[in-house]
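Computed from a predicted structure; not experimentally measured.
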Amino acid sequence: MKILYFAWLRTKIGVAAETVDLPAEVRDVGGLVDWLKTRSPKHADALANSTVVKVAVNQEHVPYDHPVGPGDEVALFPPVTGG
Amino acid sequence: MKILYFAWLRTKIGVAAETVDLPAEVRDVGGLVDWLKTRSPKHADALANSTVVKVAVNQEHVPYDHPVGPGDEVALFPPVTGG
Amino acid sequence: MTVKVQREDFDVGAELAAMTGGKTGIGGVTLFVGLVRDMAGGEAVSAMTLEHYPGMTEKELEAIEAEARQRWPLDDALIIHRHGRLEPGDRIVLVATASAHRQAAFESCHFLIDWLKTRAPFWKLEATPDGERWVEAKDSDDDAAARWAKPA
Amino acid sequence: MTVKVQREDFDVGAELAAMTGGKTGIGGVTLFVGLVRDMAGGEAVSAMTLEHYPGMTEKELEAIEAEARQRWPLDDALIIHRHGRLEPGDRIVLVATASAHRQAAFESCHFLIDWLKTRAPFWKLEATPDGERWVEAKDSDDDAAARWAKPA
(Lines give C-alpha, C1' and ligand atoms only; values in the text may rest on other atoms or scores of the structure.)
Protein backbone atom coordinates (compact mmCIF):
# COMPACT_ATOMS: atom_id res chain seq x y z
CA MET A 1 0.00 0.00 0.00
CA LYS A 2 1.21 3.47 -0.84
CA ILE A 3 1.15 6.00 2.02
CA LEU A 4 1.63 9.74 1.39
CA TYR A 5 2.37 12.37 4.04
CA PHE A 6 1.87 16.11 3.64
CA ALA A 7 2.83 19.32 5.45
CA TRP A 8 4.02 18.83 9.05
CA LEU A 9 3.20 15.12 8.97
CA ARG A 10 5.73 14.86 6.16
CA THR A 11 8.38 16.92 7.96
CA LYS A 12 7.88 15.13 11.29
CA ILE A 13 8.00 11.63 9.81
CA GLY A 14 10.78 12.62 7.45
CA VAL A 15 9.45 11.04 4.26
CA ALA A 16 6.87 12.17 1.70
CA ALA A 17 5.81 8.65 0.78
CA GLU A 18 6.40 5.05 1.75
CA THR A 19 5.19 1.68 0.54
CA VAL A 20 4.04 -0.68 3.27
CA ASP A 21 2.87 -4.30 3.43
CA LEU A 22 -0.47 -4.07 5.15
CA PRO A 23 -1.05 -6.66 7.92
CA ALA A 24 -4.23 -8.63 7.33
CA GLU A 25 -5.81 -7.37 10.54
CA VAL A 26 -5.75 -3.74 9.37
CA ARG A 27 -9.07 -3.13 7.65
CA ASP A 28 -9.94 0.53 8.10
CA VAL A 29 -8.33 3.96 8.32
CA GLY A 30 -8.35 3.98 12.13
CA GLY A 31 -6.58 0.62 12.22
CA LEU A 32 -4.05 1.81 9.64
CA VAL A 33 -3.19 4.97 11.63
CA ASP A 34 -2.73 2.89 14.82
CA TRP A 35 -0.49 0.45 12.98
CA LEU A 36 1.57 3.23 11.34
CA LYS A 37 2.33 4.63 14.84
CA THR A 38 4.25 1.42 15.60
CA ARG A 39 6.65 1.86 12.69
CA SER A 40 8.98 4.38 14.39
CA PRO A 41 9.10 6.96 17.20
CA LYS A 42 8.74 9.66 14.53
CA HIS A 43 5.56 8.04 13.24
CA ALA A 44 4.26 7.73 16.81
CA ASP A 45 4.98 11.40 17.50
CA ALA A 46 3.50 12.71 14.24
CA LEU A 47 0.33 10.63 14.51
CA ALA A 48 -0.20 11.01 18.26
CA ASN A 49 -3.22 13.35 18.02
CA SER A 50 -5.70 11.87 15.57
CA THR A 51 -7.96 14.96 15.68
CA VAL A 52 -5.41 16.77 13.51
CA VAL A 53 -4.60 13.79 11.27
CA LYS A 54 -6.94 13.82 8.26
CA VAL A 55 -7.04 10.98 5.77
CA ALA A 56 -7.80 10.61 2.07
CA VAL A 57 -8.19 7.21 0.41
CA ASN A 58 -7.72 7.24 -3.34
CA GLN A 59 -7.76 11.05 -3.21
CA GLU A 60 -11.07 11.41 -1.39
CA HIS A 61 -11.60 12.67 2.16
CA VAL A 62 -12.76 9.76 4.34
CA PRO A 63 -13.61 9.18 8.01
CA TYR A 64 -11.61 6.80 10.24
CA ASP A 65 -14.11 3.95 9.78
CA HIS A 66 -13.57 3.92 6.01
CA PRO A 67 -12.18 0.55 4.74
CA VAL A 68 -8.64 0.28 3.32
CA GLY A 69 -7.05 -2.43 1.21
CA PRO A 70 -3.61 -3.22 -0.26
CA GLY A 71 -4.32 -1.47 -3.59
CA ASP A 72 -5.34 1.88 -2.08
CA GLU A 73 -3.43 5.17 -2.17
CA VAL A 74 -3.73 6.57 1.35
CA ALA A 75 -2.73 10.13 2.23
CA LEU A 76 -2.33 11.50 5.77
CA PHE A 77 -2.26 15.25 6.34
CA PRO A 78 -3.16 18.02 8.79
CA PRO A 79 -6.32 20.12 8.30
CA VAL A 80 -5.97 22.03 5.04
CA THR A 81 -4.99 25.72 5.00
CA GLY A 82 -5.13 26.88 1.39
CA GLY A 83 -7.05 29.68 -0.25
CA MET B 1 -35.16 77.99 -9.22
CA LYS B 2 -33.51 75.44 -11.48
CA ILE B 3 -35.50 72.24 -12.12
CA LEU B 4 -33.91 69.17 -13.75
CA TYR B 5 -35.78 66.18 -15.19
CA PHE B 6 -34.27 62.76 -15.88
CA ALA B 7 -35.19 59.56 -17.74
CA TRP B 8 -38.92 59.25 -18.61
CA LEU B 9 -39.79 62.41 -16.68
CA ARG B 10 -37.49 64.24 -19.11
CA THR B 11 -38.93 62.57 -22.22
CA LYS B 12 -42.57 63.02 -21.08
CA ILE B 13 -42.16 66.70 -20.16
CA GLY B 14 -39.96 67.30 -23.18
CA VAL B 15 -37.22 69.34 -21.52
CA ALA B 16 -34.16 68.36 -19.49
CA ALA B 17 -34.14 71.54 -17.41
CA GLU B 18 -36.14 74.68 -16.84
CA THR B 19 -35.80 77.76 -14.67
CA VAL B 20 -38.95 78.75 -12.79
CA ASP B 21 -39.97 81.66 -10.53
CA LEU B 22 -41.13 79.94 -7.38
CA PRO B 23 -44.44 81.29 -5.95
CA ALA B 24 -44.05 82.34 -2.33
CA GLU B 25 -46.55 79.76 -1.12
CA VAL B 26 -44.41 76.84 -2.34
CA ARG B 27 -42.21 75.87 0.58
CA ASP B 28 -41.50 72.17 0.28
CA VAL B 29 -40.93 69.43 -2.30
CA GLY B 30 -44.55 68.26 -2.18
CA GLY B 31 -45.81 71.81 -2.83
CA LEU B 32 -43.32 72.23 -5.67
CA VAL B 33 -44.41 69.01 -7.41
CA ASP B 34 -48.08 70.02 -7.13
CA TRP B 35 -47.32 73.47 -8.54
CA LEU B 36 -45.23 72.02 -11.42
CA LYS B 37 -48.24 69.89 -12.46
CA THR B 38 -50.12 73.12 -13.29
CA ARG B 39 -47.51 74.30 -15.79
CA SER B 40 -48.69 72.14 -18.72
CA PRO B 41 -50.66 68.99 -19.54
CA LYS B 42 -47.32 67.25 -20.12
CA HIS B 43 -46.16 68.20 -16.63
CA ALA B 44 -49.47 67.02 -15.19
CA ASP B 45 -49.18 63.69 -16.98
CA ALA B 46 -45.52 63.08 -16.09
CA LEU B 47 -45.99 63.98 -12.42
CA ALA B 48 -49.40 62.31 -11.92
CA ASN B 49 -48.14 59.41 -9.78
CA SER B 50 -45.92 60.80 -7.04
CA THR B 51 -44.89 57.32 -5.84
CA VAL B 52 -42.62 57.08 -8.90
CA VAL B 53 -41.41 60.70 -8.80
CA LYS B 54 -38.26 60.92 -6.68
CA VAL B 55 -36.67 64.23 -5.78
CA ALA B 56 -33.16 65.48 -5.03
CA VAL B 57 -32.50 68.96 -3.66
CA ASN B 58 -28.98 70.23 -4.23
CA GLN B 59 -28.01 66.72 -5.37
CA GLU B 60 -29.24 64.88 -2.29
CA HIS B 61 -32.19 62.48 -2.08
CA VAL B 62 -34.96 64.13 -0.01
CA PRO B 63 -38.52 63.29 1.09
CA TYR B 64 -41.56 65.34 0.00
CA ASP B 65 -41.64 67.36 3.22
CA HIS B 66 -38.11 68.71 2.62
CA PRO B 67 -38.04 72.53 2.30
CA VAL B 68 -37.19 74.22 -1.02
CA GLY B 69 -36.14 77.79 -1.75
CA PRO B 70 -35.37 79.93 -4.81
CA GLY B 71 -31.63 79.19 -4.78
CA ASP B 72 -32.00 75.38 -4.80
CA GLU B 73 -31.22 72.98 -7.64
CA VAL B 74 -34.13 70.54 -7.69
CA ALA B 75 -34.08 67.30 -9.71
CA LEU B 76 -37.09 65.09 -10.42
CA PHE B 77 -36.59 61.54 -11.63
CA PRO B 78 -38.02 58.01 -11.55
CA PRO B 79 -36.59 55.36 -9.21
CA VAL B 80 -32.98 54.73 -10.21
CA THR B 81 -32.04 51.66 -12.29
CA GLY B 82 -28.23 51.70 -12.62
CA GLY B 83 -25.66 49.10 -11.70
CA MET C 1 -10.90 55.06 -2.25
CA THR C 2 -11.97 55.96 -5.76
CA VAL C 3 -15.13 56.72 -7.71
CA LYS C 4 -15.14 57.09 -11.50
CA VAL C 5 -18.10 57.86 -13.76
CA GLN C 6 -17.11 57.54 -17.39
CA ARG C 7 -18.18 56.62 -20.92
CA GLU C 8 -15.07 54.49 -21.53
CA ASP C 9 -14.67 50.83 -20.69
CA PHE C 10 -12.39 49.85 -17.78
CA ASP C 11 -9.59 47.31 -17.41
CA VAL C 12 -10.34 45.06 -14.44
CA GLY C 13 -6.82 43.61 -14.28
CA ALA C 14 -5.24 47.07 -14.28
CA GLU C 15 -7.65 48.33 -11.62
CA LEU C 16 -6.89 45.33 -9.40
CA ALA C 17 -3.15 45.86 -9.88
CA ALA C 18 -3.48 49.55 -8.97
CA MET C 19 -5.46 48.62 -5.86
CA THR C 20 -3.05 45.97 -4.57
CA GLY C 21 0.34 46.92 -6.04
CA GLY C 22 3.00 47.50 -3.40
CA LYS C 23 0.58 46.71 -0.57
CA THR C 24 1.17 43.67 1.60
CA GLY C 25 -1.58 43.92 4.20
CA ILE C 26 -4.47 42.99 1.90
CA GLY C 27 -5.68 39.41 2.32
CA GLY C 28 -8.44 39.48 -0.25
CA VAL C 29 -10.17 41.57 -2.89
CA THR C 30 -13.77 40.94 -3.92
CA LEU C 31 -14.81 42.35 -7.28
CA PHE C 32 -18.17 42.55 -8.99
CA VAL C 33 -18.53 43.30 -12.69
CA GLY C 34 -22.00 44.04 -14.06
CA LEU C 35 -22.64 43.38 -17.76
CA VAL C 36 -25.35 44.24 -20.28
CA ARG C 37 -27.61 41.23 -20.91
CA ASP C 38 -29.24 40.55 -24.26
CA MET C 39 -32.59 39.71 -22.63
CA ALA C 40 -34.74 41.53 -20.10
CA GLY C 41 -38.24 40.59 -19.02
CA GLY C 42 -38.42 38.05 -21.83
CA GLU C 43 -37.59 40.59 -24.54
CA ALA C 44 -34.47 40.89 -26.68
CA VAL C 45 -32.29 43.89 -25.87
CA SER C 46 -30.06 45.15 -28.70
CA ALA C 47 -28.58 48.14 -26.86
CA MET C 48 -28.81 50.09 -23.62
CA THR C 49 -28.26 53.77 -22.92
CA LEU C 50 -27.35 54.82 -19.40
CA GLU C 51 -28.38 58.33 -18.39
CA HIS C 52 -27.11 59.83 -15.16
CA TYR C 53 -27.12 63.04 -13.11
CA PRO C 54 -23.61 64.49 -13.40
CA GLY C 55 -22.46 65.89 -10.10
CA MET C 56 -24.98 64.05 -7.97
CA THR C 57 -23.79 60.68 -9.30
CA GLU C 58 -20.26 61.21 -8.05
CA LYS C 59 -21.46 62.59 -4.70
CA GLU C 60 -23.81 59.67 -4.18
CA LEU C 61 -21.19 57.05 -5.08
CA GLU C 62 -18.71 58.71 -2.71
CA ALA C 63 -21.31 58.68 0.07
CA ILE C 64 -22.02 54.99 -0.54
CA GLU C 65 -18.30 54.21 -0.45
CA ALA C 66 -17.87 56.21 2.76
CA GLU C 67 -20.69 54.22 4.33
CA ALA C 68 -18.95 50.95 3.40
CA ARG C 69 -15.67 52.17 4.89
CA GLN C 70 -17.47 52.95 8.14
CA ARG C 71 -19.06 49.52 8.34
CA TRP C 72 -16.11 47.32 7.34
CA PRO C 73 -12.32 47.51 7.84
CA LEU C 74 -11.30 48.18 4.23
CA ASP C 75 -7.86 48.84 2.81
CA ASP C 76 -9.41 50.23 -0.35
CA ALA C 77 -12.64 50.50 -2.33
CA LEU C 78 -13.34 51.32 -5.96
CA ILE C 79 -16.49 52.03 -7.95
CA ILE C 80 -16.43 52.60 -11.71
CA HIS C 81 -19.79 53.14 -13.45
CA ARG C 82 -20.18 53.77 -17.16
CA HIS C 83 -22.81 55.92 -18.87
CA GLY C 84 -23.85 56.38 -22.49
CA ARG C 85 -24.62 53.72 -25.07
CA LEU C 86 -23.68 50.09 -24.36
CA GLU C 87 -24.30 46.79 -26.11
CA PRO C 88 -25.00 43.27 -24.79
CA GLY C 89 -21.83 41.83 -23.24
CA ASP C 90 -20.41 45.28 -22.45
CA ARG C 91 -19.25 46.01 -18.92
CA ILE C 92 -21.43 48.51 -17.01
CA VAL C 93 -20.01 48.69 -13.52
CA LEU C 94 -17.06 47.54 -11.42
CA VAL C 95 -17.12 47.44 -7.64
CA ALA C 96 -14.03 46.23 -5.78
CA THR C 97 -13.17 46.15 -2.07
CA ALA C 98 -9.90 45.14 -0.43
CA SER C 99 -9.54 44.00 3.16
CA ALA C 100 -7.29 41.95 5.40
CA HIS C 101 -10.21 39.52 5.74
CA ARG C 102 -12.30 37.96 3.01
CA GLN C 103 -15.61 38.18 4.87
CA ALA C 104 -15.29 41.99 5.03
CA ALA C 105 -14.34 42.13 1.35
CA PHE C 106 -17.35 40.02 0.31
CA GLU C 107 -19.89 41.80 2.45
CA SER C 108 -18.76 45.33 1.59
CA CYS C 109 -18.63 44.59 -2.16
CA HIS C 110 -22.12 43.11 -2.07
CA PHE C 111 -23.37 46.06 0.01
CA LEU C 112 -21.89 48.57 -2.45
CA ILE C 113 -23.58 47.12 -5.53
CA ASP C 114 -26.89 46.63 -3.71
CA TRP C 115 -26.92 50.21 -2.41
CA LEU C 116 -25.66 51.66 -5.67
CA LYS C 117 -28.58 50.05 -7.48
CA THR C 118 -31.15 51.84 -5.33
CA ARG C 119 -29.36 55.17 -4.64
CA ALA C 120 -27.02 56.18 -7.47
CA PRO C 121 -28.83 58.37 -10.06
CA PHE C 122 -28.54 56.20 -13.17
CA TRP C 123 -31.39 55.23 -15.51
CA LYS C 124 -31.33 52.56 -18.19
CA LEU C 125 -33.04 52.95 -21.56
CA GLU C 126 -33.30 49.62 -23.42
CA ALA C 127 -33.63 49.24 -27.18
CA THR C 128 -35.95 46.28 -28.00
CA PRO C 129 -37.71 45.09 -31.17
CA ASP C 130 -40.78 47.04 -29.92
CA GLY C 131 -38.79 50.25 -29.55
CA GLU C 132 -37.09 51.97 -26.65
CA ARG C 133 -38.26 51.58 -23.08
CA TRP C 134 -37.07 52.86 -19.72
CA VAL C 135 -36.15 50.06 -17.34
CA GLU C 136 -38.41 49.92 -14.30
CA ALA C 137 -36.97 49.68 -10.80
CA LYS C 138 -37.23 46.19 -9.37
CA ASP C 139 -38.70 45.32 -5.99
CA SER C 140 -35.96 42.70 -5.71
CA ASP C 141 -33.36 45.49 -5.79
CA ASP C 142 -35.17 47.31 -2.98
CA ASP C 143 -35.27 44.07 -1.01
CA ALA C 144 -31.56 43.48 -1.62
CA ALA C 145 -30.70 46.99 -0.39
CA ALA C 146 -33.01 46.64 2.62
CA ARG C 147 -30.95 43.68 3.84
CA TRP C 148 -28.18 46.18 4.63
CA ALA C 149 -30.36 48.59 6.61
CA LYS C 150 -28.90 49.14 10.04
CA PRO C 151 -30.95 48.15 13.05
CA ALA C 152 -32.39 51.34 14.59
CA MET D 1 -16.12 25.55 -15.84
CA THR D 2 -12.40 25.47 -15.21
CA VAL D 3 -9.92 24.49 -12.50
CA LYS D 4 -6.23 25.31 -12.71
CA VAL D 5 -3.49 24.47 -10.19
CA GLN D 6 -0.24 26.16 -11.14
CA ARG D 7 2.97 27.79 -9.95
CA GLU D 8 2.57 30.78 -12.28
CA ASP D 9 0.69 33.96 -11.53
CA PHE D 10 -2.63 34.59 -13.29
CA ASP D 11 -4.04 37.58 -15.18
CA VAL D 12 -7.42 38.50 -13.69
CA GLY D 13 -8.40 40.77 -16.58
CA ALA D 14 -7.61 38.07 -19.15
CA GLU D 15 -9.49 35.42 -17.17
CA LEU D 16 -12.54 37.68 -16.90
CA ALA D 17 -12.38 38.42 -20.64
CA ALA D 18 -12.17 34.69 -21.43
CA MET D 19 -15.16 34.03 -19.17
CA THR D 20 -17.42 36.73 -20.60
CA GLY D 21 -16.16 37.28 -24.16
CA GLY D 22 -18.83 36.69 -26.80
CA LYS D 23 -21.45 35.87 -24.18
CA THR D 24 -24.45 38.13 -23.73
CA GLY D 25 -26.52 36.32 -21.12
CA ILE D 26 -24.25 37.05 -18.15
CA GLY D 27 -25.53 39.83 -15.90
CA GLY D 28 -22.72 39.76 -13.37
CA VAL D 29 -19.41 38.18 -12.43
CA THR D 30 -18.17 38.06 -8.85
CA LEU D 31 -14.45 37.50 -8.39
CA PHE D 32 -12.35 36.90 -5.30
CA VAL D 33 -8.59 37.25 -5.29
CA GLY D 34 -6.66 36.01 -2.25
CA LEU D 35 -3.26 37.57 -1.56
CA VAL D 36 -0.28 36.79 0.69
CA ARG D 37 -0.27 39.08 3.74
CA ASP D 38 2.92 40.27 5.42
CA MET D 39 1.52 39.59 8.88
CA ALA D 40 -0.12 36.55 10.45
CA GLY D 41 -0.99 36.09 14.10
CA GLY D 42 1.00 39.21 14.97
CA GLU D 43 4.18 37.98 13.33
CA ALA D 44 5.93 39.23 10.20
CA VAL D 45 5.76 36.87 7.24
CA SER D 46 8.52 37.22 4.65
CA ALA D 47 7.45 34.37 2.37
CA MET D 48 4.98 31.55 2.09
CA THR D 49 5.27 28.13 0.47
CA LEU D 50 2.12 26.35 -0.61
CA GLU D 51 2.28 22.56 -0.68
CA HIS D 52 -0.52 20.56 -2.25
CA TYR D 53 -1.55 17.02 -3.17
CA PRO D 54 -1.28 16.78 -6.96
CA GLY D 55 -4.17 14.83 -8.39
CA MET D 56 -6.41 15.11 -5.36
CA THR D 57 -6.25 18.92 -5.49
CA GLU D 58 -7.71 19.07 -8.99
CA LYS D 59 -10.35 16.43 -8.17
CA GLU D 60 -11.40 18.26 -5.04
CA LEU D 61 -11.60 21.67 -6.76
CA GLU D 62 -13.67 20.12 -9.56
CA ALA D 63 -16.01 18.57 -7.00
CA ILE D 64 -16.40 21.90 -5.20
CA GLU D 65 -17.15 23.64 -8.50
CA ALA D 66 -19.70 20.96 -9.43
CA GLU D 67 -21.41 21.50 -6.07
CA ALA D 68 -21.68 25.25 -6.77
CA ARG D 69 -23.13 24.60 -10.23
CA GLN D 70 -25.78 22.38 -8.65
CA ARG D 71 -26.76 24.99 -6.09
CA TRP D 72 -26.80 28.13 -8.25
CA PRO D 73 -27.67 28.89 -11.89
CA LEU D 74 -24.18 29.66 -13.18
CA ASP D 75 -23.04 30.48 -16.70
CA ASP D 76 -19.46 29.76 -15.74
CA ALA D 77 -17.11 29.20 -12.81
CA LEU D 78 -13.35 29.36 -12.49
CA ILE D 79 -10.87 28.43 -9.77
CA ILE D 80 -7.13 29.08 -10.11
CA HIS D 81 -4.93 28.20 -7.14
CA ARG D 82 -1.18 28.65 -7.06
CA HIS D 83 1.37 26.48 -5.26
CA GLY D 84 5.08 26.88 -4.54
CA ARG D 85 6.87 29.88 -3.04
CA LEU D 86 5.05 33.22 -2.82
CA GLU D 87 5.85 36.58 -1.26
CA PRO D 88 3.67 39.15 0.51
CA GLY D 89 1.42 40.90 -2.01
CA ASP D 90 1.48 37.90 -4.40
CA ARG D 91 -1.82 36.49 -5.62
CA ILE D 92 -2.65 33.01 -4.25
CA VAL D 93 -6.10 32.19 -5.56
CA LEU D 94 -8.77 33.43 -7.97
CA VAL D 95 -12.39 32.34 -7.76
CA ALA D 96 -14.88 33.74 -10.29
CA THR D 97 -18.52 32.93 -10.96
CA ALA D 98 -20.77 34.27 -13.71
CA SER D 99 -24.55 34.31 -13.61
CA ALA D 100 -27.54 36.12 -15.05
CA HIS D 101 -28.19 37.40 -11.52
CA ARG D 102 -25.79 39.05 -9.13
CA GLN D 103 -27.11 37.35 -5.99
CA ALA D 104 -26.21 33.93 -7.44
CA ALA D 105 -22.78 35.20 -8.52
CA PHE D 106 -22.02 36.59 -5.04
CA GLU D 107 -23.25 33.58 -3.10
CA SER D 108 -21.57 30.97 -5.29
CA CYS D 109 -18.22 32.82 -5.30
CA HIS D 110 -18.32 33.15 -1.51
CA PHE D 111 -19.30 29.49 -1.17
CA LEU D 112 -16.43 28.37 -3.42
CA ILE D 113 -13.72 30.15 -1.46
CA ASP D 114 -15.19 29.10 1.91
CA TRP D 115 -15.39 25.44 0.85
CA LEU D 116 -12.04 25.48 -0.87
CA LYS D 117 -10.41 26.68 2.36
CA THR D 118 -11.67 23.67 4.30
CA ARG D 119 -11.58 20.94 1.62
CA ALA D 120 -8.87 21.55 -1.00
CA PRO D 121 -5.60 19.84 -0.01
CA PHE D 122 -3.27 22.85 0.28
CA TRP D 123 -1.00 23.64 3.22
CA LYS D 124 0.80 26.91 3.90
CA LEU D 125 4.31 27.12 5.31
CA GLU D 126 5.17 30.63 6.51
CA ALA D 127 8.67 32.05 6.84
CA THR D 128 8.89 34.32 9.91
CA PRO D 129 11.79 35.88 11.88
CA ASP D 130 11.52 32.86 14.24
CA GLY D 131 11.82 30.40 11.37
CA GLU D 132 9.36 28.42 9.31
CA ARG D 133 6.01 27.34 10.65
CA TRP D 134 3.02 25.50 9.22
CA VAL D 135 -0.14 27.57 9.27
CA GLU D 136 -2.81 26.12 11.55
CA ALA D 137 -6.36 25.67 10.34
CA LYS D 138 -8.70 28.33 11.69
CA ASP D 139 -11.98 27.67 13.46
CA SER D 140 -13.32 30.74 11.66
CA ASP D 141 -12.76 28.95 8.33
CA ASP D 142 -14.70 25.91 9.58
CA ASP D 143 -17.48 28.25 10.72
CA ALA D 144 -17.51 30.01 7.35
CA ALA D 145 -17.79 26.69 5.50
CA ALA D 146 -20.46 25.42 7.89
CA ARG D 147 -22.72 28.33 6.87
CA TRP D 148 -23.08 26.59 3.50
CA ALA D 149 -24.02 23.18 4.89
CA LYS D 150 -27.30 22.06 3.43
CA PRO D 151 -30.20 21.43 5.77
CA ALA D 152 -30.60 17.66 6.18
Aromatic rings B/F6 and C/W123: how do their planes relate, parallel, tilted or perpendicular, breaks at 30° and 60°?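 B/F6 vs C/W123 ring planes: parallel.
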So what's closer than 4.5 Å to chain B heavy atoms on C/H83: side chain, backbone, both or neither?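 For C/H83, there is no contact with chain B at all, as no heavy atom is under 4.5 Å.
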Is chain B contacted by the side chain of C/L125, its backbone, both, or neither, given a heavy-atom distance below 4.5 Å?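 The answer is neither part of C/L125.
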For B/T81 and C/A137, indicate whether the former's side chain and the latter's backbone hold a donor-acceptor pair under 3.5 Å.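 A pair under 3.5 Å: no.
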When you measure from the side chain of C/K124 to the backbone N and O of B/G83, does any donor-acceptor pair fall under 3.5 Å?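 A pair under 3.5 Å: yes.
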Side-chain heavy-atom pair B/T11, C/W134 within 4.5 angstrom cut-off: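 A side-chain contact exists here, since the closest heavy-atom pair is under 4.5 Å.
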Pairwise side-chain contact, C/E60 with B/E60, heavy-atom cut-off 4.5 Å (strictly under):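 They are not in contact (no side-chain heavy atoms under 4.5 Å apart), so the answer is no.
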For residues B/R10 and C/E51, report the shortest heavy-atom separation together with the two atoms involved.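 Between these two residues, the closest heavy atoms are NH2-OE1, 2.5 Å.
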Looking at every heavy atom in both B/N58 and C/K59, which two are closest together, and how far apart are they?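 Minimum heavy-atom separation between B/N58 and C/K59: O-NZ, 3.4 Å.
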Top contributor to chain C contacts, counting heavy-atom pairs under 4.5 Å, from B/L4, B/V52, B/V80: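 Among B/L4, B/V52, B/V80, the one with the most close pairs to chain C is B/V80.
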Which distance, rounded to the nearest 0.5 Å, do you find between the NZ of B/K54 and the CZ of C/R119?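 That separation rounds to 11.5 Å.
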What do you reckon, is [atom1] of [X] surrounded by more than 12 foreign heavy atoms closer than 6.0 Å?
X     : atom1 : answer
C/Q6  : CD    : yes
B/R39 : CZ    : yes
B/K2  : NZ    : no

